[in-house]
Q: 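There's a structure below that I have some questions on.
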Amino acid sequence: MDSINRLQLLSEQMELEPAEERRENAARPVCFTPKQRDAVFVHPAQLPNGQSIKLLKTLLTSACERDCFYCPFRAGRDFRRATFKPEEFANVFIELNRKGIAEGTFLSSGIAGGGIRTQDQLLDTADILRNKLGFRGYIHLKIMPGAEKAQVERSMQLADRVSVNLEAPNTNRLAKLAPHKRFLDELLQPLRWVEEIRRSQPAYKGWNGRWPSTTTQFVVGGADESDLELLTTTAWLNKNVRLKRAYFSAFNPIADTPFENKTATDPLREHRLYQASFLLRDYGFDLEDMPFTDNGFLPLHSDPKLAWAQFNLKDQPIEINRAERQDLIRIPGIGPKGVEAILRARRINELNDLSALRKLGIAVERSLPFILLNGKRAANQLSLF
Ligand code: SF4
């Protein structure tokens with residue numbers, strides 16, 4: 001198999017692995033080289049700094065000695081596998097980069113020969129790209145279960161982002177998904193190390209002037225876990241290891257795995273978890289603010305911020321002209337940018353009508369039931385529109 005064929009095999013199954021923000025309105029994640037037979041999967045991605053790039057998401061090898069119940073790459077599953085040596089992958093990637101086909105890479109791997117050896121292969125690849133081939137673009141490196149602290153630190157020195165997939169929110173749930181992964185020492189510990197290293201070396205600036213950001217991923221619904229469990233762990237990670245982002249992947253059964261007959265998770269559940277996780281991370285909400293049902297799930301039919309406002313703000317609307325930042329941001333239809341715009345605008349003039357809010361980019365239809373403009377229910381002004 002030539003390099004491009006191997007890359008096709010290794011990258012085509014990475015669609016399900018969230019790594020960076022998907023660029024809005026982006027086309028399907030396929031980008032063709034000038035010759036159709038050279039098609040490789042390149043994902044339109046948005047980096048934390050807002051830059052849009054073509055991201056090659058791939059594995060170094062799809063051989064794996066573990067047997068996670070949900071995973072297409074699990075040991076013993078019958079499908080065509082492929083492997084790159086570090087130098088081979090680095091050369092293929094640089095060629096794609098020079099042709100303008102791929103501008104960055106998210107590099108993961110099946111586990112072959114243990115987590116330490118596999119992490120060494122990932123590190124060698126990133127090292128060749130950075131130090132031999134002079135690649136200055138975006139690299140996201142996966143930290144393998146069982147990697148050592150020194151390897152985590154080296155990954156941080158080479159990458160723009162590092163991630164550890166927790167897969168499940170706690171030890172008991174992980175045992176239902178991946179019987180040979182250890183939650184605390186194999187998965188959570190590397191995330192703790194990342195934060196420890198960042199804190200112990202504040203002056204060190206990484207390869208591009210700052211330490212990499214950290215993300216994780218959960219398989220939603222694979223272990224019958226509740227949203228409360230997932231969000232409890234997410235809130236802990238936000239606070240204790242400064243997680244940049246938790247990714248939630250709705251479980252989908254894969255043929256010829258132990259979970260092939262398990263019901264797929266409703267994608268709307270994934271969406272509600274993202275909404276709730278942003279409220280926890282960026283909006284000052286606590287777990288207690290989330291509208292969990294008695295068994296710990298978010299209602300599918302309602303946006304969690306709207307559900308909170310309906311319960312808490314309907315009879316106590318917020319005065320737009322005087323509210324503090326932390327209160328404004330709890331109003332549906334007003335996000336962090338909207339709050340800043342309101343604070344700036346009202347330093348100049350009072351905001352007296354809905355058109356003024358619209359001009360600031362506020363989704364007025366969502367905010368209406370929960371706000372006052374100079375003491376008056378803004379809903380009274382609906383007729384103007
Ligand atoms: S270790 Fe990773 S690649 Fe291997 S079976 Fe588990 S999830 Fe799949």
Side-chain angles (χ1 to χ4, degrees), residues 6-7 9-19 41 56-84 86 89 105-123 125 140-148 151-152 155 162-191 214-225 230 233 246-260 262 264-265 270:
R6 269 183 288 161
L7 195 54
L9 268 185
L10 289 165
S11 61
E12 72 185 352
Q13 303 202 40
M14 292 294 280
E15 160 78 324
L16 297 176
E17 173 88 32
F41 284 76
L56 176 66
K57 299 204 287 187
T58 187
L59 299 161
L60 214 47
T61 177
S62 52
C64 190
E65 63 207 24
R66 303 273 180 116
D67 56 357
C68 307
F69 291 151
Y70 54 90
C71 179
F73 309 116
R74 69 192 304 268
R77 185 166 176 265
D78 185 18
F79 79 106
R80 201 163 172 222
R81 299 183 193 249
T83 298
F84 271 115
F89 174 79
T105 183
F106 167 45
L107 200 50
S108 184
S109 183
I111 302 178
I116 295 173
R117 185 180 171 278
T118 307
Q119 194 66 42
D120 272 341
Q121 299 283 301
L122 292 172
L123 283 170
T125 310
H140 174 165
L141 275 186
K142 183 61 72 62
I143 308 281
M144 292 289 110
E148 294 178 324
Q151 293 180 308
V152 170
S155 303
V162 294
S163 60
V164 180
N165 283 3
L166 290 183
E167 319 289 11
N170 51 51
T171 301
N172 292 343
R173 296 297 180 183
L174 185 68
K176 292 185 163 196
L177 278 181
H180 297 108
K181 278 184 179 162
R182 299 191 307 275
F183 186 82
L184 290 177
D185 61 322
E186 275 196 339
L187 303 182
L188 195 58
Q189 186 59 53
L191 287 172
T214 332
T215 62
T216 192
Q217 184 203 211
F218 298 105
V219 180
V220 176
D224 304 322
E225 75 295 327
L230 288 165
T233 303
Y247 288 97
F248 300 98
S249 288
F251 166 76
N252 246 312
I254 306 266
D256 191 26
T257 64
F259 281 2
E260 66 180 345
K262 198 172 166 65
T265 300
E270 177 187 299

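Counting starts at 1 for both ligands and their atoms, in listed order.
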Q: Tell me every residue that passes side-chain hydrogen bond (donor to acceptor under 3.5 Å, both in side chains) with R6, counting only those two or more places apart in sequence or in another chain.
A: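 For R6, the residues satisfying side-chain hydrogen bond (donor to acceptor under 3.5 Å, both in side chains) (neighbours in sequence not counted) are E88.
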Q: Please work out whether any backbone atom (N, CA, C, O) or any side-chain heavy atom from C-beta onward of Y70 is under 4.0 Å from ligand 1, and answer side chain, backbone, both or neither.
A: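 Under 4.0 Å from ligand 1, Y70 contributes side-chain atoms alone.
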Q: Over 60° means perpendicular and under 30° means parallel, so tell me whether F218 and F248 are parallel, tilted or perpendicular.
A: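 Because their plane-to-plane angle is under 30°, the rings of F218 and F248 count as parallel.
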Q: One pair to check against salt bridge (Lys or Arg N to Asp or Glu O under 4.0 Å): E186 and R66. What are the steps and the verdict?
A: CA-CA 13 Å; E186 275 196 339; R66 303 273 180 116; 3.0 Å; yes
Q: Fit a plane to each ring of F106 and H140, take the angle between them on a 0 to 90° scale, and name the class: parallel (under 30°), tilted (30 to 60°) or perpendicular (over 60°).
A: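 Rings of F106 and H140: tilted, 30 to 60°.
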Q: Would you say K181 and C68 make side-chain contact, with heavy atoms under 4.5 Å?
A: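 Answer yes - side chains close enough.
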Q: Ring centroids only, cut at 6.0 angstrom: are F259 and F69 within range, meaning strictly under it?
A: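 That pair passes the under 6.0 Å test.
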Q: Which atoms of the protein, restricted to N, O or S, are nearer than 2.8 Å to atom 6 (Fe) of ligand 1?
A: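 Checking every protein N, O and S atom gives C68 SG.
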